[in-house]
Structures are given as structure tokens and as C-alpha cells.
Amino acid sequence: MPIMKAPISLLAVTSAILGGSNGKSLRSSSPASYGTIGRSDYILQTGYVVGNGKVGAIPFGPPGADKINLNVDSLWSGGPFEVANYTGGNPSSPRYDALPEIRDRIFQNGTGGIAPLLGNGNYYGSNRVLGNLTVMFGGVESYTEYQRTLDLSDGVHRTKFSIGNNSTELEASVFCSYPDQVCVYHLGSDEQLPTITVNIENLLVEQSLLESSCERGILRHSGITQTGPPQGMKYAAVARVDPESVVTTCSREGSLQITTRKKELTIVVSAETNYDQKAGNEESGWSFKGEDPASIVDMTSSAAISKGYTRLLEHHINDYKNLTGDFSLQLPDTSSSKHKETAELIQNYTYDGPGNPFLENLLFDYARHLLISSSRENSLPANLQGRWTELLNPSWGADYHANINIQMNYWLADQTGLAETQHALWNYMEDTWVPRGTETAQLLYNASGWVTHNEMNIFGFTAMKDVAGWANYPAAAAWMMQHVWDNFEYTQDVTWLEKQGYPLIKGVAEFWVSSLQEDKFFNDGSLVVNPCNSPETGPTTFGCAHYQQLIHQLFNSVLAAQKFLSKPDTKFVDAITSSLNQLDTGLHFASWGGLKEWKLPEAYGYDNKSTHRHLSHLNGWYPGYSISSFANGYTNTTIQNAVKETLISRGMGNAEDANAGWAKVWRAACWARLNDTQRAYSELRYAIDENFVGNGLSMYWGSQPPFQIDANFGFAGAVLSMLVVDMPLAYGSEAKNRTVVLGPAIPAEWGNGKVMGLRLRGGGIVDFSWDGKGVVNKVKILSRGKERRKVHLVNMEGDHLADI
Ligand SMILES: *[C@@H]1O[C@H](CO)[C@@H](O)[C@H](O)[C@H]1NC(C)=O
Ligand SMILES: *[C@@H]1O[C@H](CO)[C@@H](O)[C@H](O)[C@H]1NC(C)=O
Ligand SMILES: *[C@@H]1O[C@H](CO)[C@@H](O)[C@H](O)[C@H]1NC(C)=O
Ligand SMILES: *[C@@H]1O[C@H](CO)[C@@H](O)[C@H](O)[C@H]1NC(C)=O
Ligand SMILES: *[C@@H]1O[C@H](CO)[C@@H](O)[C@H](O)[C@H]1NC(C)=O
Ligand SMILES: *[C@@H]1O[C@H](CO)[C@@H](O)[C@H](O)[C@H]1NC(C)=O
Ligand SMILES: *[C@@H]1O[C@H](CO)[C@@H](O)[C@H](O)[C@H]1NC(C)=O
Ligand SMILES: *[C@@H]1O[C@H](CO)[C@@H](O)[C@H](O)[C@H]1NC(C)=O
Ligand SMILES: *[C@@H]1O[C@H](CO)[C@@H](O)[C@H](O)[C@H]1NC(C)=O
Ligand SMILES: *[C@@H]1O[C@H](CO)[C@@H](O)[C@H](O)[C@H]1NC(C)=O
Ligand SMILES: *[C@@H]1O[C@H](CO)[C@@H](O)[C@H](O)[C@H]1NC(C)=O
Ligand SMILES: *[C@@H]1O[C@H](CO)[C@@H](O)[C@H](O)[C@H]1NC(C)=O
């Protein structure tokens, strides 16, 4: 590192060394601001977000009054920190005695209810905000040349401005570092810095539950979610100032006042709670309680500040580039948008206009940034809001909904080289779902293995909540197992499969193998689920298409996994094989041409056309593959037509039940699998137009809050679905070659673009590019992977491009 004099040039030099900012950035010429929900200046509609998985940060506020909204993954109300005998919703005694009657009724009458199995969400809790880091300084009565950017090539948020009419320039940089486990605020100027006052505040909680202290260069802030008993969750944050040539004093109110002769200042913030995901089991008394966070944040922040800004930045950028660097999507910037305001690009974007490939590419890259920032090996997985909330009670508790939402959060991970972000997901399931879910399987279903339902907190809530249409969803874990199996397919990590992946899959398969029932409605000898429903719609019945398709995939993955295990699981394989042979695979056709969502005869009136937001019975088409691959649907015109009719009937994903972004991007991905470029691209454009707001985040009710992150991630998943069709073959087809279609639905608007570093099942990695019409014409194979059979790469014109 050369020795630098002025911090501004230091930044320039550092970014030149590290590769700098040739990537895309979100940019704005006005500060992000805070307001009341529903107002246009809500920070989650204007702020750009950063994070290191565990800690999330949203910088906002005008120059001189910087604030950074801070989140830490495990800061939740509820659970055993709120009530001593918390059971994750499990009842104190078995409920399965009610099951035979529930099942009989359904088999006799077609539909029924599950009231005796319902529970409640008492003490379920909510993810909540930690507070604001505030950095105030005077002398900024006015400012010019304001610019705020989030650079997606290095994950650094920067604001630059000049004070008043003077040419004094300031630049504030904010990033959250995974390697150093802190968020970093750095202020640099070409003049001596003004006096700066730093604090950590939480204006939303009762102040008696907070403690803060200030000493030379260190600010400590801690709190507890309730005084108890039981004692609430403890959380702590520490801010430290780089002690070099600064004088700090503590004000009477406890804030840190900094005067410096230097032209730059660095503050690091570390945050943690006393939640311990590993302590959510019987041996730990289901306590989820870990170490007091105060000493952890003290040590982490102290280690970080001693490294100095340049090294902190370098560690962060290395880590960020290491994760993002070997994949890229390059769509043409046909409207010269690169240097334009992001909010304006989004504002001007219309569904029926020409699209804007630059913006679409930017939102794709932003999705990858969001995943890296909200899901890392030592964090909880990305929740409904990723890692970002400014509230104590965000919508749905910013929890984990698993009937599409958490799944969609990870749609982009495997193919874009972000498998590493999924450790958070595997560990979360293993540590919090399996222990309580094993009890739930026994208490509600008298079944082995484990089960969970639709809504999950971080305290092992695996039982049913109270509204049947949402709660009656034992298929959540079966769906998650697609992610587990896919992760293995893409990474080929046999050690991981043996240790973590297969045990997860097996536990869920055990549940289903012991729960499936012989169909006594049709008496067709098939095995079906009873009771079931389709997520958030329709009756409680049997043989719901969605479940049958998921179980089809699950059992397939059990069988496919065997050859990679050190000891084949022979007895279990026999049970699975026999169930699979008898399984109804959830593919039935409606008289009006669509797919049936329920096995129940149409005369019952449930399988009518519907514009419902979910596409649950298309799960086997996309994101799953029980219909598209195992039933050869991708190449079978009968199935293609039925999928098409279903998609047409479901509409654009804007029905009165929800005008949500996730409903649109799911539709886009399904259309892409029909090679319907025009409809896939329209849905994608429609999602941007309706649901994406100025800071690139997606809102739930059209463009109205709450922010819900799934559509941001699902957007990238839908783009990937337009770029490639890469599905596994059914177990038993090992002798066949596999075909991967490159560019099934690339619009001409993306003409002459390319993708680099795309992962394929089996461990292959390819770059490819396409012509002006979107037809793939060049492929470069970077890795052949480990797949034993041949993979034929073809394009949409049927041209054989390569074998790997
Ligand atoms: C937990 O204790 C409360 C009383 O404090 C009681 O009402 C509740 O039923 C108990 N819950 C369980 C699951 O035992
Ligand atoms: C079936 O439905 C009929 C009419 O709704 C009802 O009278 C009957 O009790 C039901 N049978 C069972 C077993 O629930
Ligand atoms: C401009 O600079 C002078 C001298 O440094 C200072 O006194 C004055 O407050 C500055 N004005 C503004 C608007 O920043
Ligand atoms: C900046 O300069 C303009 C004209 O030179 C003047 O009108 C304005 O009041 C000045 N603003 C400040 C904050 O000094
Ligand atoms: C953060 O600052 C904003 C704006 O001043 C304020 O409205 C909000 O309540 C603060 N958040 C917390 C958690 O204190
Ligand atoms: C990049 O990531 C790999 C594993 O994902 C790791 O082994 C390597 O050390 C990382 N390199 C840097 C520079 O962080
Ligand atoms: C948005 O549209 C307006 C009005 O047509 C135009 O003036 C402006 O330049 C556009 N902005 C961007 C960033 O394209
Ligand atoms: C519960 O499961 C066990 C083992 O499969 C079985 O023997 C028992 O009959 C079941 N009990 C009920 C009430 O279904
Ligand atoms: C389904 O359509 C039939 C006519 O085709 C109608 O009688 C029935 O009420 C509809 N059912 C529902 C649940 O909308
Ligand atoms: C999509 O393209 C693939 C590969 O060319 C083809 O097998 C399939 O039938 C096509 N699907 C439709 C709906 O045309
Ligand atoms: C297409 O799928 C349907 C439904 O599974 C099946 O009946 C038909 O035989 C298939 N067609 C071909 C050509 O395989
Ligand atoms: C698989 O592909 C290879 C090479 O293209 C070809 O020789 C072989 O016949 C194919 N096998 C099958 C079963 O299609």
C-alpha cells in the first residue's frame, strides 16, 4: 500500500488497486429520508441497504445528520425469552387422536377441516430494529453536488457532497464487512473535519430498557426486550472511533464528541444478541440462550478498529468480490442509463414500454447484493425483509414464510455461484426446525421424521398457527428439500451431503413415508396426502397437487442421493421406492384445459379458473421439476398446453387478493419455461412497473409498503429461468444424456448480451452469449463438473452448441 496523504485520494487509490467501480451502482442526488409508513419518504423506499449477513444497515439522512438504521439478525421479541415454557407452538399433549376422524371425513366427503390440529401464535414474536447510529456535525447549513451511490461491484455505500458555497468536499462511506464482522462508517474530507457527535439511539423502545455508556472513543448501547421473568433477549452494540489523533469526550447525554485535526474519521459498529441458534433443543432446555453479547461486541469492534480503514475496506472488498466476482450478467445499456438516477429509471419504467435492460440488469445485480448482505454462514437466513426493518413490529414479524417466500429468497443462489449464502438456511433448518419439528410430527400426526408448517420464527415454531388456510401447510419442509438437493447438484459437495444435506432430506421423507394414505376416495390404490390444502386457498382435502409433486421430488432425491453416501440406506430406500411407485404425482387435467390443483372431482367446484396469487400446483413446473422434467412436461405438448392455460387463467399476479411482486416474477419464470419470451419478459416488466420503488426494493401492495424482499430475489430467479433450463432427470434415468437449453426466453431487447460463470447441475460452469435476436450462439465451458452422463447444450433453435 502506498502512503497516502488526503483521504479522498486514498479512496481513489484504494478502489483503483482493488478493482474499483466499473460495475453498476444505484445512485441518487438526494438523501434517503425517514418518514411514516405509507409515506413516500419511508426509508425502505429510499434507502440503499448493506449488510454482512448478521448485521444490516440502511444509511439515511441529510449531510451533517447522518443516521444508519441498524439491524441484527436474531433480535426478536417472543419465544423462550418472553415465556418460560415456550414450545414452538407444540401442544402439551398429542393431538393425533383426532387424525383418523379428520381423514375419514375427508375421504368420505371430499373435504373437511383440521380444527383439532390448529394451534396459536402465542409468543411467536417478531424481528425488530436495533436502533440508529447517528453521526452529526455542524457547518452544513447547505450543501451542493450531493451524490449517493451503492456500488454493486464492491458493496460500498458512498455519499459525497460539498458544503455550502465553499469547495469543501466530504465523502461518507458505509459498508458491512463479513470478514471483520462490523459495519464501518468512514468520513473523509479535503479539509480538517468539523466536530462530530456520535450516538446510538432507539427512540421506539421504553428508554428504561436501554443502557448506554460512553468512554474515550467507545460508545456502548445495550438493551433487553423485557425485564421478565423470564429475562428478555439481550442485545448490545458498540461503536468505536479510530483513536489516532482524535480527541473524544462524552457529553452529559452520553454521546461521543469527536474533534480531530485529521481529514478522515473511521467508526466501526458491532452488534449481537444473546440468542444461540444451537441451543434450541432438548439438551439445552429449548432455551436458545447463548453468551452475553456485551463482551463479544467489545472484542469484535476492538479487533476491527485496530486494523485501520484501509485494511477493513480491503478485507470487505476481497470478500465481496470473491463471492460476486466469477459470475456476471451483461445486458446492453441501450438507453444510456448507467449514470442516471435509479429512482428516475424506475419511475419512468413502464410495463408496456420498451423495457430498460440496464435497469433490469441492475435489479438482477442488486438481488445478488441483497443475498450476500442478508445471508452468510454465521447468520440467520434472509427473512421476509432480508435483514432490514426500521420497526419493532414489521409486517408478518419479518419472519420466515415457507409456502413460496423463503424459497424464492434463494432462487438465485445455486446458479450464480452464491451457494455459500445457503449455509445459513441449512443451519437454521437443522438447528431450529428439526428438533421442534420432530415433536410436531409426533404430536400432531403420530408420524416419524420432522415437519413444519408455513410460518416460522427463530425459536422453533413448527406447529400450526391459527388460520387453517395459512397454517395447514405441512409441505413446507418438503419444498425446502428441493433447495437442499439442488445445492448438492450444483456444488457436488459429497461431504456436505453426507453430513447435513441427506439427514435433512431423510427426516422429511420419513415424515411423508409414514403419513401418506391410500386414497379411499377414488380407491385407485394411489398414495395421497390427507389432510392437505393448497397454500392460502381452497378446501381442506386430500391429494393436493402441490404436495404430491413435492413429495415426488423429495422421494426422488432420497434415491438419487444413495450413490453418493458412504453407506447406502437400504431399508429406507425400500420403503421410499415402494411409496414412490404408489404415489399420486399430482398431475391431473381440468376439463377447461388447465391443471387441477386438487385431486377432488371438478364437480366439487374448486378447480375452476382462478386468479389466485399463488401458483402452487405449478410448483412441479417451476421452480420444481416433477412435471417439467420427471413427467417430460418441458417437451410434452399436452402438458405445455395445460400449463399455459393455467397461467392464462391465473392472470398477471395483480388480483384483488394481492398485487405482490413475488406473484409476478413467479409467473415470469413459469412462462420462460414455456419458451414464451414475450410473456416472460412482460411479467418481469410488470413487476418492476407495479412493485419496485425508487431504491430498487419491492413492495407488497403495488408500490405501497410493506417492503417484502422475495420479489427482489425472485426477479433474479425469473431472469435465470429466461437464460437457461437446467433440470435433473428422474431417478432411474442415469443412462440418458441430459439436455440443457441455453436461452429459452431471451428477449431481443437483451440482444448481444452475455452471461459469465453460470453454474450447471453436476458442477459445470459456462459462459455464453447471444445474438441480436436473443439466440445463443457462443458457449465457453469453464468447468465440466462431475456429472457422469453427457450434458448436451442446445439453444432455442435446436442447435447443438456443445457437450460437457
Ligand atoms: C405455559 O405456561 C402458561 C402459564 O404461565 C400456561 O398458560 C400455558 O398453558 C403453558 N404452555 C404450555 C405449552 O405448557
Ligand atoms: C358429509 O357431509 C354431509 C353433508 O354435508 C354430512 O351430513 C356428513 O356428516 C358428512 N360426513 C362426514 C363423515 O363428515
Ligand atoms: C466556508 O468556509 C469558511 C472558512 O473555512 C467558513 O467560515 C464558513 O462557515 C464556510 N461556509 C459554509 C457555508 O460552509
Ligand atoms: C452562495 O453564493 C450565492 C451567490 O454567489 C449566494 O446567493 C448564496 O447566498 C450563497 N450561499 C451560502 C450558503 O453562502
Ligand atoms: C431512527 O431515526 C429516525 C429519524 O430520526 C426516527 O424517526 C426513528 O424512530 C429512529 N429509529 C429508532 C429505532 O430509534
Ligand atoms: C474466496 O472464497 C474461497 C471459498 O469460497 C476461500 O477458500 C478463499 O480463501 C476466498 N478468498 C478470499 C480472497 O477471500
Ligand atoms: C424520465 O422521463 C422524463 C420525462 O419523459 C425525462 O425527462 C427524463 O429524462 C427521464 N429520466 C430518465 C432517467 O430517463
Ligand atoms: C401411532 O403410531 C404408531 C406407530 O406407527 C401406531 O402403532 C399407533 O397405532 C398410532 N396411534 C394412533 C392413535 O394412530
Ligand atoms: C365453479 O364453477 C361452477 C360452474 O362451472 C359453479 O357452479 C361453482 O359455483 C364454481 N365454484 C366456485 C367455488 O367458484
Ligand atoms: C421449448 O424449447 C424446447 C427446446 O427446444 C422444446 O423441447 C420445447 O418443446 C419447447 N416448448 C414449447 C412450449 O415450445
Ligand atoms: C404427454 O403427457 C401426457 C400426460 O402425462 C401423456 O398422457 C402423454 O402420453 C404424453 N405424450 C407423449 C407424447 O409422451
Ligand atoms: C449421449 O451422447 C453421446 C454423445 O453425443 C452419444 O454418443 C450417445 O449416443 C448419447 N446417449 C444417449 C442414450 O442418447
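Numbering of ligands and ligand atoms starts at 1, following listing order. All figures in this text were calculated on a predicted structure; none of them were measured in a lab.
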So if I count the atoms of ligand 11 from 1 in the order they appear, which ones are less than 4.0 Å from some heavy atom of F589? 4 (C)

Is the NZ or CZ atom of K506 positioned over F572's six-membered ring, under 6.0 angstrom from the centre and within 45° of the axis? yes

Which of the numbered atoms in ligand 10 are below 4.0 angstrom from a heavy atom of L674? 12 (C), 13 (C)

Can you sort out which atoms of ligand 12 are near K790, meaning under 4.0 Å from one of its heavy atoms? 4 (C)

Nearest non-hydrogen protein atom to atom 9 (O) of ligand 12, with distance, is N737 ND2, 4.7 Å

Mark yes or no for whether H617, through its side chain, and E597, through its backbone, hold a donor-acceptor pair below 3.5 Å. no

Hey, is the main chain of V573 close enough, under 3.5 Å, to the side chain of T577 for a donor-acceptor pair? yes

Give the residue, atom name and distance (to 0.1 Å) of the protein heavy atom nearest atom 8 (C) of ligand 11. N636 ND2, 3.7 Å

Identify whether the distance between the nearest side-chain nitrogen and carboxylate oxygen of D326 and R759 falls below 4.0 Å. yes

Check K599 with D524, please: is the shortest side-chain N to carboxylate O separation under 4.0 Å? yes

Whether K736 and E734 form a salt bridge (side-chain N of Lys/Arg under 4.0 Å from carboxylate O of Asp/Glu) is what I want to check. no

min-distance protein heavy atom vs atom 7 (O) of ligand 10 -> T635 CG2, 3.3 Å

So which bit of I639 gets within less than 4.0 Å of ligand 11, heavy atoms only: side chain, backbone, both or neither? side chain

Within the distance-only criterion (no hydrogens, no angle test), does the side chain of Q562 pair as donor or acceptor with the backbone N or O of V558 below 3.5 angstrom? yes

Residue portion contacting ligand 12 (non-hydrogen atoms closer than 4.0 Å) for H792: side chain

Going by the angle between their ring planes, with limits at 30° and 60°, are Y634 and W621 parallel, tilted or perpendicular? tilted

Protein heavy atom at shortest distance from atom 5 (O) of ligand 10: M796 CE, 4.1 Å

In this structure, atom 13 (C) of ligand 12 is nearest to the protein heavy atom A735 O, 3.9 Å

Just to confirm, does any protein heavy atom lie below 4.0 Å from atom 11 (N) of ligand 11? yes

May I ask you to list the atoms of ligand 12 that are less than 4.0 angstrom from any heavy atom of D803? 4 (C), 5 (O)

Tell me, which protein residue and heavy-atom name are nearest atom 1 (C) of ligand 10, and how many Å apart are they? N675 ND2, 1.4 Å

Regarding K596 and D607, does a basic nitrogen lie under 4.0 Å from an acidic carboxylate oxygen? yes

Nearest-option assignment for atom 4 (C) of ligand 10, heavy atoms, candidates T739, D676, V741: V741

